[in-house]
S.K.: 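Have a look at the structure that comes next, please.
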Amino acid sequence: MPVALITGASRGLGRAAARALADRGWSLVADARREDDLTDAVRGFPDVVAIAGDVTSPGHRAHLVAAIRQLGRLDVLVNNASSLGPSPLPPLRSYELGELRRVYETNVLAPLALIQLLAGPLEAAGGAIINVSSDAAVEAYPGWGGYGSSKAALDQLTAVLAAEEGALRCYAFDPGDMRTDMHQHAFPGEDISDRPEPESVVPALLRLIDERPPSGRYRAADRAVQSVEKVQS
Ligand SMILES: NC(=O)c1ccc[n+]([C@@H]2O[C@H](COP(=O)([O-])OP(=O)(O)OC[C@H]3O[C@@H](n4cnc5c(N)ncnc54)[C@H](OP(=O)(O)O)[C@@H]3O)[C@@H](O)[C@H]2O)c1
């Protein structure tokens, strides 16, 4: 049975993706910081190891790796857990640097740390890395400088990894706007009920897993915007 590790699986896109893979019979390792939410999210999954913890913690990451070792393989790593930073979103001029450091720890360093720890089993399975990105990585929206620059860094890590790791598929996946807690925090007090549910994005993510197109940056909206060849040209 294929195995996926999905970070941030208790809510939003991570939960929707975890449910879809569990429905297909995949074995899962899933995390989130709040244990009760995580337990609720994965209840009823046939084969899941749910480990509460913070992806920025080396000790927690070691527990995730130990769970993968126990299962004996890893086909897909979905680096989905992410920090928006302060809400309301502050302009860069006044962005508190400790807050920015935490955003980068969560959105850039933790995904790379997991990739470093799990590249071996991923390679052995001919596996794929899916780093969940954002349009804020490529668009300059006021207030989005902290989060957006972290996702831009994640995109570039993904592109360079793709160039370095020929045996792996490395994807930056931009899901587009979704009606989630993170999105609500980005737009405090606003009605976001017109945004699509995260479940609507899952088919595009599953297509990446099923079809394994060339490594690159993919938007859920149109599935294939920049292949690695285009990034490198
Ligand atoms: N929503 C959008 O409109 C949108 C648009 C573009 C891109 N994205 C990206 O899509 C992905 C999913 O976002 P979402 O909107 O679904 O977010 P969400 O609803 O806020 O869910 C985030 C998930 O990650 C977990 N998490 C957060 N920080 C964590 C940490 N340090 N360690 C472990 N788990 C952590 C959360 O649980 P705990 O809080 O309990 O840890 C939760 O399970 C993110 O990468 C986000 O940047 C979202």
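Counting convention: from 1, in listed order, for ligands and their atoms alike.
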S.K.: State whether the shortest distance between N or O atoms of Thr106 and N or O atoms of ligand 1 falls below 3.5 angstrom.
M.R.: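 There is no such contact.
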S.K.: Looking only at heavy atoms, which two atoms of Pro198 and Arg179 are closest? And how far apart?
M.R.: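 Where Pro198 meets Arg179 most closely, the heavy atoms are CD-O, 3.8 Å.
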S.K.: Quick check: closest heavy atoms across Pro214 and Tyr171, and the distance to 0.1 Å?
M.R.: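 Here Pro214 and Tyr171 meet closest at O-CE2, 3.4 Å.
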S.K.: For atom 26 (N) of ligand 1, which of Gly12, Pro111, Ala18, Ala81 has the closest heavy atom?
M.R.: Ala81
S.K.: If you have a sec, work out which protein heavy atom is nearest atom 37 (O) of ligand 1 and how many Å separate them, to one decimal?
M.R.: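 Answer, as residue, atom name and distance: Ser10 OG, 3.3 Å.
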S.K.: When you compare ligand 1 with Asp54, is there at least one nitrogen or oxygen pair between them that comes in under 3.5 angstrom?
M.R.: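 So ligand 1 has an N or O lying under 3.5 Å from an N or O of Asp54.
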S.K.: Are the side chains of Ile130 and Ile209 in contact, using a 4.5 Å heavy-atom criterion?
M.R.: yes
S.K.: Could you tell me whether the side chain of Ile6 reaches within less than 4.5 Å of the side chain of Trp26, counting heavy atoms only?
M.R.: no
S.K.: Non-hydrogen atoms of Ala16 versus ligand 1: any pair closer than 4.0 Å?
M.R.: no
S.K.: Counting C-beta onward and ignoring hydrogens, is there a side-chain heavy-atom pair between Thr106 and Val55 closer than 4.5 Å?
M.R.: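 They are in contact (side-chain heavy atoms under 4.5 Å apart), so the answer is yes.
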S.K.: Is there a continuous path of hydrophobic side-chain contacts, each under 4.5 Å between heavy atoms, that joins Leu71 to Val76?
M.R.: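 No, separate clusters.
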S.K.: Does any N or O of ligand 1 fall below 3.5 Å from an N or O anywhere on Tyr147, backbone included?
M.R.: yes
S.K.: Please state which protein non-hydrogen atom is closest to atom 48 (C) of ligand 1 and give its distance, to 0.1 Å?
M.R.: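 Checked against all protein heavy atoms, atom 48 (C) of ligand 1 sits closest to Met178 CE, 3.5 Å.
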S.K.: Where is the nearest protein heavy atom to atom 25 (C) of ligand 1: which residue, which atom, and how far?
M.R.: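 Atom 25 (C) of ligand 1 sits closest to the protein heavy atom Gly8 CA, 3.4 Å.
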S.K.: In the protein, which heavy atom is nearest to atom 7 (C) of ligand 1, and how far is it?
M.R.: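 I find the closest protein heavy atom is Ser133 O, 3.0 Å.
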S.K.: Would you check whether Arg11 has a nitrogen or oxygen atom less than 3.5 angstrom from a nitrogen or oxygen atom of ligand 1?
M.R.: yes
S.K.: Please list, in number order, the atoms of ligand 1 under 4.0 Å from a heavy atom of Val132.
M.R.: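 Going through ligand 1 atom by atom, the ones under 4.0 Å from Val132 are 9 (C), 10 (O), 11 (C), 45 (O).
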S.K.: Do Asp135 and Tyr141 pass the side chain to side chain contact (heavy atoms under 4.5 Å, CB included) test, and can you show the C-alpha distance, the side-chain angles, and the key distance before you say yes or no?
M.R.: CA-CA 10 Å; Asp135 65 329; Tyr141 304 124; 2.6 Å; yes
S.K.: Is any side-chain heavy atom of Asn79 closer than 4.5 Å to a side-chain heavy atom of Ile115?
M.R.: yes
S.K.: In this structure, does ligand 1 have an atom that sits under 4.0 Å from one of the heavy atoms of Ala41?
M.R.: no
S.K.: Which pair of non-hydrogen atoms, one from Ile51 and one from Ala67, has the smallest distance, and what is that distance?
M.R.: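 So the minimum-distance heavy-atom pair works out to CD1-CB, 3.8 Å.
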S.K.: Which residue and atom name correspond to the protein heavy atom nearest atom 29 (C) of ligand 1, and how close is it?
M.R.: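 Here the nearest protein heavy atom works out to Arg33 NE, 3.5 Å.
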S.K.: Within the 4.0 Å heavy-atom shell around Gly53, which atoms of ligand 1 are there?
M.R.: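 Ligand 1 atoms under the 4.0 Å threshold to Gly53: 32 (N), 33 (C).
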S.K.: Counting heavy atoms only, which of Asp31, Asn79, Thr180 is nearest atom 1 (N) of ligand 1?
M.R.: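 Ranked by closest heavy atom to atom 1 (N) of ligand 1, first place is Thr180.
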S.K.: Is it the case that ligand 1 has an N or O less than 3.5 angstrom from some N or O of Asp37?
M.R.: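 By distance alone, the answer is no.
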S.K.: Counting heavy atoms only, name the option from Leu38, Asn80, Val78, Asp177 that's nearest to atom 11 (C) of ligand 1.
M.R.: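 Minimum heavy-atom distance to atom 11 (C) of ligand 1 goes to Asn80.
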S.K.: Between the side chains of Arg102 and Glu99, is the shortest nitrogen-to-carboxylate-oxygen separation below 4.0 Å, so that they form an ion pair?
M.R.: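 Here Glu99 pairs with Arg102 in a salt bridge, since their nearest N and O are under 4.0 Å apart.
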S.K.: Quick test: of every protein heavy atom, which one is nearest to atom 40 (O) of ligand 1, and how far off is it to 0.1 Å?
M.R.: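 Protein heavy atom at minimum distance: Arg34 N, 2.9 Å.
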S.K.: With heavy atoms under 4.0 Å as the rule, classify the contact between Lys151 and ligand 1 as side chain, backbone, both or neither.
M.R.: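 The answer is the side chain.
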S.K.: Quick test of your reading of the structure: of Arg61, Met182, Arg179, His183, whose heavy atom lies closest to atom 17 (O) of ligand 1?
M.R.: Met182
S.K.: Is there any N or O on Leu13 that sits under 3.5 Å from an N or O of ligand 1?
M.R.: yes
S.K.: So among Asp155, Thr158, Asp174, which one has a side-chain hydrogen bond (donor to acceptor under 3.5 Å, both in side chains) with Ser133?
M.R.: Asp155
S.K.: Under 4.0 Å from a heavy atom of Asp181: give me the atoms of ligand 1 that qualify, with their elements.
M.R.: 19 (O)
S.K.: Less than 4.0 Å is my threshold; does some heavy atom of Gly176 fall inside it relative to ligand 1?
M.R.: yes
S.K.: Are any of the N or O atoms of Val55 closer than 3.5 Å to those of ligand 1?
M.R.: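 Yes.
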S.K.: Quick one: are Thr180 and Arg11 in side-chain contact, heavy atoms under 4.5 Å?
M.R.: no
S.K.: Below 4.5 Å, heavy atoms only, C-beta onward: do Val132 and Pro175 meet side chain to side chain?
M.R.: yes
S.K.: Once you restrict to heavy atoms under 4.0 Å, what part of Pro175 touches ligand 1? Side chain, backbone, both or neither.
M.R.: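 It is the side chain that touches ligand 1; the backbone stays farther off.
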S.K.: Going only through I, L, V, M, F, W and Y residues with side-chain contacts under 4.5 Å, is there a path from Ile68 to Leu114?
M.R.: yes
S.K.: Between Ser10 and Asp37, is there a side-chain donor-acceptor contact under 3.5 Å, judged purely by atom types and distance?
M.R.: no
